[in-house]
There are 2 protein chains.
Amino acid sequence: MGTKRQDIVESADRLFYREGFADVGIDRLVDDADVALGTLYRHFRSRSEVVVAAMAHRHDAFLQALTGTPPAATGAAAVLHLFDALAAWSSAEGGNGCFFLRAAADYPADAGIRAAALAHKRTYLALVERLLCQGGWDRERAAGLAPRIFILLEGAVAAAFTLGDHAAVADARSIAASILAAGGPTS
Amino acid sequence: MGTKRQDIVESADRLFYREGFADVGIDRLVDDADVALGTLYRHFRSRSEVVVAAMAHRHDAFLQALTGTPPAATGAAAVLHLFDALAAWSSAEGGNGCFFLRAAADYPADAGIRAAALAHKRTYLALVERLLCQGGWDRERAAGLAPRIFILLEGAVAAAFTLGDHAAVADARSIAASILAAGGPTS
DNA sequence: ACGGTGATAGAACGATCGTTCTACACTGTC
DNA sequence: GACAGTGTAGAACGATCGTTCTATCACCGT
């Protein structure tokens, strides 16, 4: 519960996301968190555990950002709101791509990191499906539609990162709007 | 022109893509390529140059895979063929996500690597736009549509990687088909 | 006053890794 | 036959980095 551990996790989250995993070592973390080296190793057994903790921290913040201001909308608006929230989140964070994809790509041999990335994506996809159900789609239709919305969300983040495409999220949103209208809950 | 340099580049491409950048060092490369350490440093000034060469190699192979068997189709089929080619390429390569995105994420401070990733994405996007023009869309419409197709292609690769989603490319393709039909060249 | 706990600074180790260097062998060419 | 270019093997260096260890300090409950 100590605030020191929190400081480390927040520094790790920010530095890893902004500068990548390779360029941020333990020394950078303890510097940024204003924490002694021994303190870090009291709370975490290894650097890998710090990475996993940073992923968990970002997972919570990300999901909260996406579900934080739900305008209690129904229908397509409930899902399209995801894209607006994603646009706000992405511009606030700097558009450096998906943190979890980057972590999984960086440490393909680390089971803990891969598991954290997979868990994040699964709950992300489940969130989309749940919003579709809340929007009025029946469970079967929602299960078929959610992966497609997910592809659009992931593609928007990837395109924004690699191309610096500022309009990617908006483009993805409009595609989502059209496929939601085509396979709407009332049809 | 020596075949040794080619061996190094091919080994780098394969190993980097399959095992990531962090886990593959110079020693692994010279082992796999069956080349002496001095030979590598005769052809490349640094490890970073090897990475860039591997990216260039994969860029060529990827574009050739996407344009290799163009059934001289017109209309939407000319673009949708991209998804089929991507599915074949992705399953052949192991579905480890986008090589260029991973490289850019791994080395955010390396200007050469970032430039190679950006150049790849730009010609990739330009390829989509060119196919749309060949399919019958006028230049203005193609320029508006290409980024959306691009988002779908990127999203499919990302989803296939992080979720292990085997159907992602097919899903993306069907979305592309619907938006191409909605904004078709004849409409 | 006491022990226990979390924190600090800094040295130290051990391993990895990118890079350079030395010495030698093979191959063509002028 | 000298020469330049490419290749090999392996040692060596220099730096970084993750991790551990020691010694010291501050707080806190009873």
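The chains referred to below are lettered A, B, ... by the order of the sequence lines, with proteins before strands, and numbering in each begins at 1.
- Applying the 4.0 Å criterion to OP1 and OP2 of D:dT8, one finds that B:T39 has a side-chain N or O inside that range.
- Cluster membership for A:L63 and A:V157, using ILVMFWY side-chain heavy atoms within less than 4.5 angstrom, is shared.
- Rounding to whole angstrom units, NZ of residue B:K4 and C1' of D:dT8 are separated by 9 Å.
- Comparing C:dC17, D:dC17, C:dT8 by their nearest atom to the side chain of B:D27 picks out C:dC17.
- Taking the charged nitrogens against the carboxylate oxygens, A:E129 and A:R141 have no contact shorter than 4.0 Å, which rules out a salt bridge.
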Full working for side-chain contact (heavy atoms from CB on, under 4.5 Å) between A:Y124 and A:F100: CA-CA 12 Å; A:Y124 191 9; A:F100 304 89; over 6 Å; no

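- With rounding to whole Å, B:I26 atom CD1 is found 18 Å from D:dG10 atom P.
- Contacts of A:D23 with the nucleic acid, taken as non-hydrogen atoms under 4.0 Å apart, are absent.
- Closest to the A:R47 side chain, of the nucleotides C:dA7, D:dT19, C:dG18, is D:dT19.
- Here the P atom of nucleotide D:dC17 and the CZ atom of A:F44 are 20 Å apart, to the nearest Å.
- The CD atom of B:Q6 sits 16 Å away from the P atom of D:dT6 (whole-angstrom rounding).
- Side-chain N/O atoms of B:H43 include none lying less than 4.0 angstrom from OP1 or OP2 on D:dT6.
- With DNA chain D read from its 5' end, the first of the two nearest nucleotides for A:G38 and A:F21 is the one closest to A:F21.
- Rounded to a whole Å, the CG atom of B:L40 is 9 Å from the P atom of C:dT19.
- A:D110 places its CG atom 14 Å from the C1' atom of D:dG18, with the value rounded to the nearest Å.
- Taking every side-chain heavy atom of B:L37 into account, C:dT19 is the closest of C:dA7, D:dT20, C:dT19.
- Salt bridge annotation for A:E19-A:R14: absent, with no cationic side-chain nitrogen under 4.0 angstrom from a carboxylate oxygen.
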Salt bridge (Lys or Arg N to Asp or Glu O under 4.0 Å) assessment of B:R18 paired with B:E93: CA-CA 8 Å; B:R18 290 215 293 228; B:E93 292 291 323; over 6 Å; no

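- For A:Y41, taking side-chain heavy atoms from C-beta onward, the closest of the listed nucleotides C:dG18, C:dA7, D:dG18 is D:dG18.
- When distances run from any side-chain atom of A:S46 to the nucleotides D:dC17, D:dT19, C:dG18, the shortest one goes to D:dT19.
- The nucleotide whose nearest atom lies closest to any side-chain atom of B:R42 is, among D:dT8, C:dT8, D:dT19, D:dT8.
- Note: CZ (B:R5) to C1' (D:dG7) measures 16 Å, nearest angstrom.
- Distance A:D34 CG to C:dG6 P: 20 Å, rounded to the nearest Å.
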